[in-house]
Engineer: 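So that we are looking at the same thing, I have put the structure below in structure tokens.
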Amino acid sequence: MWQTLGPLRLPEWEKRILARWKAENTFQRSVSRRKGRPSYIFYEGPPSANGKPGIHHVFARTLKDLVCRYQTMRGFYVPRRAGWDTHGLPVELSVEKELGLTKADIGTKISIADYNAACRAAVMRYKSVWDELTERMGYWVELENPYITFEPAYIESVWWLLKAFYEKGLLYKDYTIQPYSPAAGTALSQHELNLPGAYRSVRDPSITVQFRSEEEPDLYFLAWTTTPWTLPSNAALAVGAEFVYVEVETFQPYTRTPVRVILAEAALARYFPAEGESLPLTPEAIDLRTGRLPYRIRERLLGQKLVGRRYEPLFRYVEPPTEAWRIIAADFVSLEEGTGIVHIAPTFGADDLKAARKEKIPPIGLYDEKGHFLSPLVDKEGKFVPQVTDFAGRYVKNYTDDPNYKSVDEDISQHLRARGLLFRKETYEHNYPHCWRTDKPVLYYPVEAWFIRTSALRDRLVALNRTIAWYPPAIGEGRFGNWLENVEDWNLSRSRFWGIPLPIWRTPDGRYTRCIGSFAELREAIEEARRAGLMDRNPLGNPDFDPHRPYVDEIILVAPDGSPMYREPDVIDVWFDSGAMPYAQQHYPFTVRGNPPPNFPADFIAEGVDQTRGWFYTLHVIAAALFDSVAYKRVLVNGLVLDKDGNKMSKRLGNVVDPFALMERYGADATRWYLVSNAPPWENVRFDEKRLAEKVRTFFGILHNTYEFFALYAGIDGYVPRPLPEPSTLALIDRWLLSETEKLTAEVEAAYEGYFPTQAARAIETFVTEKLSTWYVRLNRRRFWKGEKDADKWAAFAVLHHTLVRLAQLMAPIAPFYAELLWEHLGQEGSVHESDFPQADPTRRDEALEEAMDKVRRLASLLHSLRKQSGVRVRQPLAQALVPASYRLWLEPLAELLLTEVNLKTLTYLDDHSEAVVYELRPNYRTLGPQLGSRLPELARFLRTLSQMEIVQVLQRGSLTWEGETLPVGEALEVRAQALPGWLYASEGGLAVALDTRITPELEQEGWARELIHHIQLARKEAGLAVTDRIHLTLHLPEPYFSALQSFSRVIAEETLAETLHWSPTPLQTSPIPFLDTETLQISIEKAYEHA
RNA sequence: GGGCCUGUAGCUCAGGUGGUUAGAGCGCAACACUGAUAAUGUUGAGGUCCGUGGUUCGAGUCCACGCAGGCCCA
């Protein structure tokens, strides 16, 4: 029943296990077996099947999988449902590229219906590759019935959520400043600005202008701008509240009239070369070519003092509905450039709009009679509206490729100069984004958008986040927490096509708005519209109705006053789709109901750190806003997978790792194990295939060899599994291994419970290589192959078997395949993944034994090191090792193990006061530090001056008196045995041992015997004998070995399985073998007939 | 520009609350073992703990300022 499997072949075995899992429905069984038990809720963050999966997906999914497998083994019911994220810009861009389209072509060259159909087809393109990866890597998730974000039921749930936001007053429409291309007539996404070549170096006029104080007509505030065309839209000036400003008496450089100006002190030197202060304060001192201006500083004041002061606008083409044109404080004001006073045009800058809103400054533009903002002073084609009389109809940049284009910026500068309001004009070279399609500079332009008022939820978001367990905590507190504390409203609108349409209908005048929360509601609303004659049919009557564009766009609803309502044309941010997943995946609240919703919140999610402001955030916002709850109680964050040099993997660099090839070469388990054990999940992993291969050798190889060892001898001896004997009846080494196994179990359990699988994997590795293979198996080999089938032998089998079974369970979450293989071949029932995760049994622990064995291993290492120094080979027995008498208590029971391991006859315990020991006294820094403080180094120096005699006296007295302090030995002073003169001596970490390297004739002869046995074993092997074959042995050796070794005949025969041993005085036919470097010997081996 | 993370041996990483001479694995070298053998084991070499200041009797560890790399956001 015990089967050796030969050298490690993980990929091959994994495929067999996969087939077995499939045939036996192991995954489904492992889940359903726990039905009725408490649930452990896991949310799968939906990937997009629009691209192929990479190695980083294997990383994230390994973490998800291992936690779910562990919790299942713990007895929780852990259903896992796959999902697909299907909407969004990446899909659209890939389709645009394939079809050779631009955004402007959609709805013109191609219908929205055809375009969206192409998106729908493209988005699942690699689904089968993903499914294959999922299966091959052993990621257990229900693939049969995934949630898909483009399905109508999913969309209906999202609509319901949006309506809930709407009804709470958390969904509103407002302007946002977006990059906009007047030449293309379209808004640009951040992505389009990030395209290579979008940012170009351009030369713009940069002018410093004077805003005249309303209170003091000869006082001006100096502000600097590189976009003079926005000056007619100026609404405010911003200063830094903490910055120092100065009021300067000087001259208008062009009109040469005396003026006073205010600017930041830090900007002074940029405008007033220092020499100006000593020039006479007369117009004659002005030199425009060198920029020389006479000036005098009249006053210094903080920015704060300027806040609230009012000024006259440069232009007054329109009147704002409320008060504008005053000084405000803003935190983005910089002293690096300009005057430290920033011109604010809320219609053309995102920061400007934000600051203006905060200070209740109205944007400058056109308003209707009710005070509703209609449009900015520049229209969507990029030219001034007629109200800007001086420049009406002029393009603010050359958007039409007009060869006679005259710069508006220039003209505005001239205009201001003529009015004595231009203080300086320069040219400024900087990087500015351009539209990738038209090559024209973008405009930052107000665009209408729908927002979620997340800022109103800020406190609740922060408070709820504090209840989430973040692994690691720093991301929850720092990256995520800081972000929440400064959260701004969430712009939900995307002017795209392939996404969940906003379910909002509106009259063109904006008087009536209606948000739809379900298909039934929409159907009813359409019926109303039909009765009003606005619709002639009800598309919701069709069971296959597709709630995407363009079909929803065709629906017209009726307002209470009978006027038509049209759908707001945007689709929503795709992040809302995935954030809605806890509800929409179960078609809440239509198919399932309740508050809180069922299967909510999640106990656990895990994704990459790049999701902090993605999925982690949108899940959190929706749950907090609508259910006043967290969406997940725990989140394990994983880092990136970089290449071996720490570079990000990208197709461009060609350093992308193909996960399939990897698993084909090394196996999924090896890949998973490597990713988990290499570094904590939240650190970036530098992926190095060489190290993965190493992991196969150094962990799986050793573990597998241990299994092979067991299977080989269990097979030979026909071992029948039996219960573990009572620990008290077992050999110490067995009890030690059992104790270590329980210790490991506790460690691994704690690591999994702490969501730190790296620690679990590392603990298992250490146990397998150092405790199990290097120590237990190596020291006990003889017990497995010795002749008698006695209780000791069966105990060894039982202990090793027990340990391997336990290992299979402990490693199952991380390496599900090999764990299953072990489980199966160790004769266990069912699947290891259906088993209950083992509970550590403290009664089997013996910590004193663990510690003692640890010291024995270190002593063995020291003795090996000494043997090496002495040049005496291990085969040569030595008489004794010397250790301090204090070791006796823990060492004596284990002495036999140590003696065998290093081939010694006896241990001699030295009296602590023996003259063979030399002592050293050292301060115990930890205890004496607080007591003595700065006197400590002095004490250390003093202790070094003590003679051996004085130290022995201190030891006998038990304490040392120094400068009035009584310092007890042990507590305050550490004793260290420093040397054993005359012996080969070694010490490390407080352990000391000496080796007696004198070889007596008896020992020498025994060494010869060992040497001889060694050669006979080699000869056996050369003869191709099996390890159990019996032989007839004939030997011929020269003297003195011939005589001396005959007394070892019995041992030699036993060790070599010789039925007969003949010492031949005459040479044999076989070829001579070098013996002990100088002589030769001859060995003749004949296989003995097997007796029945 | 802001927030966060990381920096320890050639490589990958450990190093609670500050405490004696900073550790492990791999790789490398030498050796041993030869009944785990396409294995196994032992030993050894290898360090400016990113830098500079500071706090302290004492700093890889705490503080400040930098440098380098990374992620997210402007």
Side-chain angles (χ1 to χ4, degrees), chain A residues 4 6-8 190 331-332 334 336 350-351 472 474-475 477-483 485-486 608-614 637 639-640 642 644 646-648 674 677-680 682-686 688 690-691 693-695 697-699 701-702 704-713 716 758-759 762 765-766 769-770 773-775 777-778 781-782 784-786 860-861 863-869 871 873-875 901-902 922-940 974 976 988-990 1013-1015 1017-1018 1020-1021 1025-1028 1055-1057:
Chain A
T4 55
L8 196 65
Q190 196 59 47
D331 52 14
F332 56 80
S334 145
E336 305 294 314
D351 277 343
I475 293 186
E477 287 161 22
R479 189 186 272 225
F480 196 61
N482 291 346
W483 159 255
E485 276 167 33
N486 299 301
V609 66
D610 50 337
Q611 295 295 321
T612 312
R613 286 166 198 187
V637 182
L640 267 64
L642 309 171
K644 67 180 162 60
N647 300 309
K648 199 170 171 170
Y674 165 71
S677 66
N678 187 58
W682 41 87
E683 308 257 356
N684 293 343
V685 178
R686 288 187 177 199
D688 186 351
K690 234 171 58 203
R691 305 196 58 82
E694 204 175 277
K695 192 62 81 183
R697 255 199 337 279
T698 57
F699 172 63
I702 292 175
H704 182 64
N705 276 319
T706 308
Y707 164 76
E708 290 281 289
F709 175 84
F710 169 82
L712 175 66
Y713 291 108
I716 289 174
T758 307
Q759 214 163 47
R762 287 175 175 173
E765 282 178 14
T766 308
T769 54
E770 279 173 36
S773 172
T774 307
W775 199 246
V777 172
R778 192 157 59 85
R781 277 178 294 190
R782 194 167 278 265
F784 290 91
W785 48 262
K786 69 180 181 183
S861 167
L863 286 165
H864 272 125
S865 168
L866 289 177
R867 266 190 176 272
K868 180 129 181 121
Q869 283 175 42
R873 49 180 56 174
V874 182
R875 229 179 275 133
E901 174 63 15
V902 292
R922 307 179 66 117
N924 182 335
Y925 284 88
R926 196 185 281 269
T927 55
L928 286 181
Q931 186 183 335
L932 297 181
S934 57
R935 292 157 70 203
L936 196 47
E938 210 180 315
L939 172 66
E974 283 176 27
R976 190 172 290 191
E988 177 253 357
I1013 291 169
H1014 161 57
H1015 285 292
Q1017 300 289 26
L1018 281 180
R1020 278 185 61 113
K1021 195 175 165 185
L1025 296 176
V1027 295
T1028 48
E1055 288 293 310
T1056 59
L1057 298 186

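Here the structure is a predicted model, which means the values were calculated and not measured. What you see below is based on every heavy atom in this structure, not just the backbone, and it leaves out hydrogens, waters and symmetry mates.
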Engineer: Sticking with atom P, work out how far rG16(B) lies from rG35(B), rounded to a whole angstrom.
Structural biologist: 45 Å
Engineer: Can any side-chain N or O of N684(A) pair as donor or acceptor with the backbone N or O of G639(A) at less than 3.5 Å?
Structural biologist: no
Engineer: Examine rG70(B): is either OP1 or OP2 under 4.0 Å from a nitrogen or oxygen in the side chain of N684(A)? Give yes or no.
Structural biologist: no
Engineer: For atom C1', what is the distance between rC13(B) and rC31(B), given to the nearest Å?
Structural biologist: 28 Å
Engineer: Touch check for E708(A), heavy atoms < 4.0 angstrom, all strands: base, sugar-phosphate only, or nothing?
Structural biologist: nothing
Engineer: State whether R697(A) places a side-chain N or O below 4.0 Å from either non-bridging phosphate oxygen (OP1 or OP2) of rG27(B).
Structural biologist: yes
Engineer: Using a heavy-atom cut-off of under 4.0 Å over every strand shown, decide if R762(A) touches base, sugar-phosphate, or nothing.
Structural biologist: sugar-phosphate
Engineer: Search all heavy atoms of H704(A) against all heavy atoms of G6(A) and return the closest pair with its distance.
Structural biologist: NE2-O, 2.7 Å
Engineer: To the nearest Å, give me how far apart OH (Y925(A)) and P (rG19(B)) are.
Structural biologist: 14 Å
Engineer: May I ask you to say what N705(A) touches in the nucleic acid, namely base, sugar-phosphate or nothing, with a heavy-atom cut-off under 4.0 Å?
Structural biologist: base
Engineer: I'd like to check Y674(A) versus D688(A) (side-chain heavy atoms, cut-off strictly below 4.5 Å). Are they in contact?
Structural biologist: yes
Engineer: How close or far is atom C1' of rA74(B) from atom CG of D331(A), stated in whole angstroms?
Structural biologist: 12 Å
Engineer: E765(A) has an atom CD; how far is it from atom C1' of rA14(B), in whole Å?
Structural biologist: 13 Å
Engineer: On RNA chain B, compare the nucleotides closest to R778(A) and V685(A); which residue's is nearer the 5' end?
Structural biologist: V685(A)
Engineer: With RNA chain B as reference, determine whether A350(A) or V609(A) sits nearer its 5' end, using the nearest nucleotide of each.
Structural biologist: V609(A)
Engineer: How would you label the contact of P680(A) with the nucleic acid (heavy atoms, under 4.0 Å): base, sugar-phosphate, or nothing?
Structural biologist: sugar-phosphate
Engineer: Distance between the C1' atoms of rA59(B) and rG18(B), in whole angstroms?
Structural biologist: 6 Å
Engineer: Contact class for I475(A) (heavy atom, under 4.0 Å): base, sugar-phosphate, or nothing?
Structural biologist: nothing
Engineer: Which value, in whole Å, describes the distance between the C1' atoms of nucleotides rA68(B) and rU52(B)?
Structural biologist: 15 Å
Engineer: With a 3.5 angstrom cut-off on both distances, give the Watson-Crick or G-U wobble partner of rU52(B), or none if there isn't one.
Structural biologist: rA64(B)
Engineer: What nucleic acid atoms does T766(A) come within less than 4.0 Å of, heavy atoms only: base, sugar-phosphate, or nothing?
Structural biologist: nothing
Engineer: Would you name the heavy atoms of V609(A) and I475(A) that are closest together and state the gap between them?
Structural biologist: CG2-CD1, 3.8 Å
Engineer: What is the distance from OH of Y674(A) to P of rC26(B), rounded to the nearest Å?
Structural biologist: 16 Å
Engineer: Please give me the minimum heavy-atom distance between V637(A) and P472(A), naming the atom from each residue.
Structural biologist: CB-CD, 4.2 Å
Engineer: Does R691(A) make a side-chain N or O approach to OP1 or OP2 of rU12(B) shorter than 4.0 Å?
Structural biologist: no
Engineer: When we call it a touch if two heavy atoms are under 4.0 Å apart, what does R1020(A) touch: a base, just sugar-phosphate, or nothing?
Structural biologist: nothing
Engineer: Once you apply a heavy-atom cut-off of 4.0 Å, does E683(A) come out as touching a base, just sugar-phosphate, or nothing?
Structural biologist: sugar-phosphate
